[in-house]
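As structure tokens, the structure follows; a few thoughts come after it.
Everything numeric in this text was worked out from a predicted model, so none of it was measured. Whatever order the structure lists ligands and atoms in, that order sets their numbers, starting from 1.
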Amino acid sequence: MNRHLLSINDLSRADFDSLLATAEKDFLELSQRDIKKVPTLRGRTIIDLFYEKSTRTSTSFELAGKRLSADVINVKADSSSAGKGESLKDTVLTLNAYRPDIIVARHPHVGAPAFMAAHTAAHVINAGDGMGEHPTQCLLDVFSLKQAYGDLRGLRVAIVGDILHSRVARSNIAGFQKMGMQVALVAPPGLLPRRAEALGAAIFHSLDELANVEVVYLLRMQKERHEGANFVPSLREYISHFCVGRRHLREGQRVLHPGPVNRGVEIENELADSSENLILQQVEAGLAVRMAVLYRIIIDSAAVAKETSGPRLTTRV
Ligand code: NCD
């Protein structure tokens with residue numbers, strides 16, 4: 001792995017394979033034990049720095065660090081000095097003074113985690129930067145799909161909903177393609193990025209396309225990023241054309257959603273409660289995958305440091 005995980009493109013196919021294997025072999029089963037903790041990252045310090053709302057990502061990163069025995073500090077921007085006007089740079093320099101090993105960062109602005117990486121010696125993991133990327137979401141989705149389908153090569157997925165404002169879509173389109181999957185985007189024109197074709201995915205404007213895929217990946221309408229503008233003529237109309245229910249699916253199709261789910265907007269109630277969706281498996285996968293990322297980002301760079309440091313004359317204990 002690279003020093004930082006800022007974009008899904010920071011990961012090679014080999015990184016994908018080894019991270020997913022570590023998550024499966026070493027960490028998935030830990031949740032089944034009575035004692036859900038290993039000493040792997042004892043003495044390491046992780047700071048989770050969240051400037052945007054989060055349930056799944058923040059709890060899973062916190063739990064992942066704790067189950068690896070690291071010291072974990074959670075900073076929420078609304079209760080930190082950011083609310084008193086401190087700049088992002090000053091906040092990062094302040095936290096860096098504690099010499100953390102990893103900073104996990106979520107921020108409303110694209111590129112904020114990369115900016116942080118330039119001002120800290122810690123590894124930085126992007127936990128979602130505005131409309132930018134959400135690489136660990138992609139990893140956990142690929143992990144969930146591998147658990148459900150095995151080999152992903154040639155598997156067809158339709159990503160449906162507010163693709164324009166979705167960092168999950170941006171990471172997942174690239175990540176799914178890296179795994180050899182075929183990606184279709186299904187959305188009204190107003191919710192697609194300009195030059196969406198350049199992303200290498202086929203574009204559709206109707207749920208009819210769901211008949212041609214094995215996997216349906218639903219996205220939430222990101223109202224907090226619409227800032228008063230109308231990206232669809234009306235929400236009622238959007239729901240009538242793009243809200244997915246069991247009636248749109250055929251036997252064996254699986255539905256994923258990163259959460260939080262807006263019932264009755266992108267997903268019908270009955271589908272949200274049905275075993276056709278992998279939503280809770282995704283949450284479970286998120287913990288194992290984030291443990292793997294925290295572990296590998298430290299271990300891999302320690303291995304590089306060892307390789308490049310030459311022969312040792314003294315042993316430090
Ligand atoms: C996603 C996010 O924050 O980008 N949620 C998540 O991390 N589980 C998707 C969303 O908020 O819709």
Side-chain angles (χ1 to χ4, degrees), residues 5-8 23 48-65 74 76-78 104-114 124-145 157-176 185-187 191-193 215-227 231-232 235 238-239 242-244 255-267 271-272 277-294:
L5 177 53
L6 303 174
S7 157
I8 201 66
D48 296 327
L49 178 56
F50 277 63
Y51 283 81
E52 259 192 3
K53 294 187 173 65
S54 172
T55 301
R56 278 147 285 264
T57 309
S58 63
T59 52
S60 61
F61 266 117
E62 177 177 358
L63 203 51
N74 297 303
K76 308 269 187 230
D78 46 11
V104 176
R106 169 168 287 197
H107 198 278
H109 288 115
V110 176
V124 175
I125 299 173
N126 180 0
D129 60 330
M131 289 160 49
E133 284 224 38
H134 196 353
T136 59
Q137 179 70 43
C138 174
L139 282 169
L140 77 88
D141 291 330
V142 169
F143 184 91
S144 308
L145 286 171
V157 55
I159 302 179
V160 186
D162 186 356
I163 293 160
L164 175 63
H165 300 100
S166 174
R167 54 196 173 205
V168 175
R170 246 167 288 283
S171 289
N172 284 21
I173 292 167
F176 288 161
L185 306 179
V186 179
L191 290 179
L192 282 165
V215 182
V216 178
Y217 194 102
L218 300 181
L219 292 171
R220 182 176 65 87
M221 190 76 98
Q222 307 266 312
K223 290 197 201 85
E224 71 275 26
R225 303 192 206 287
H226 290 199
E227 287 166 353
F231 291 90
V232 288
L235 190 60
Y238 176 81
I239 292 168
F242 290 97
C243 184
V244 176
V255 174
L256 284 83
H257 190 307
V261 158
N262 277 173
R263 288 167 182 257
V265 180
E266 71 272 3
I267 186 167
L271 177 57
N277 80 60
L278 301 180
I279 297 170
L280 295 179
Q281 284 93 318
Q282 288 172 270
V283 177
E284 195 177 358
L287 179 56
V289 163
R290 287 176 175 131
M291 287 178 81
V293 169
L294 294 175

- prompt: For L140, does its backbone N or O pair with a side-chain atom of Q282 as donor and acceptor, under 3.5 Å?
  reply: no
task: I would like to know whether E133 and S7 meet side-chain hydrogen bond (donor to acceptor under 3.5 Å, both in side chains); could you show each step before the answer?
output: CA-CA 6 Å; E133 284 224 38; S7 157; 2.6 Å; yes
What does the contact table look like for ligand 1 (nitrogen or oxygen on each side, cut-off under 3.5 Å)?
| unit_1 | atom_1 | unit_2 | atom_2 | d |
| --- | --- | --- | --- | --- |
| ligand 1 | 3 (O) | R106 | NH1 | 3.3 |
| ligand 1 | 3 (O) | R106 | NH2 | 3.2 |
| ligand 1 | 3 (O) | R167 | NH2 | 2.9 |
| ligand 1 | 4 (O) | R167 | NE | 2.7 |
| ligand 1 | 4 (O) | R167 | NH2 | 3.4 |
| ligand 1 | 5 (N) | G259 | O | 2.9 |
| ligand 1 | 7 (O) | T57 | OG1 | 2.9 |
| ligand 1 | 7 (O) | R106 | NH2 | 3.1 |
| ligand 1 | 7 (O) | H134 | NE2 | 2.8 |
| ligand 1 | 8 (N) | P258 | O | 2.9 |
| ligand 1 | 8 (N) | G259 | O | 3.3 |
| ligand 1 | 11 (O) | R220 | NE | 3.4 |
| ligand 1 | 11 (O) | R220 | NH2 | 3.0 |
| ligand 1 | 12 (O) | R220 | NE | 2.7 |
| ligand 1 | 12 (O) | R220 | NH2 | 3.4 |
| ligand 1 | 12 (O) | Q222 | NE2 | 2.7 |

query: For L5, which of V124, N126, V293, V104 qualifies under side-chain contact (heavy atoms from CB on, under 4.5 Å)?
result: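 Checked V124, N126, V293, V104 against L5; only one passes side-chain contact (heavy atoms from CB on, under 4.5 Å): V293.
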Going by the angle between their ring planes, with limits at 30° and 60°, are [X] and [Y] parallel, tilted or perpendicular?
{"X": "H165", "Y": "F231", "value": "perpendicular"}
{"X": "H107", "Y": "H109", "value": "tilted"}
{"X": "Y217", "Y": "F176", "value": "perpendicular"}

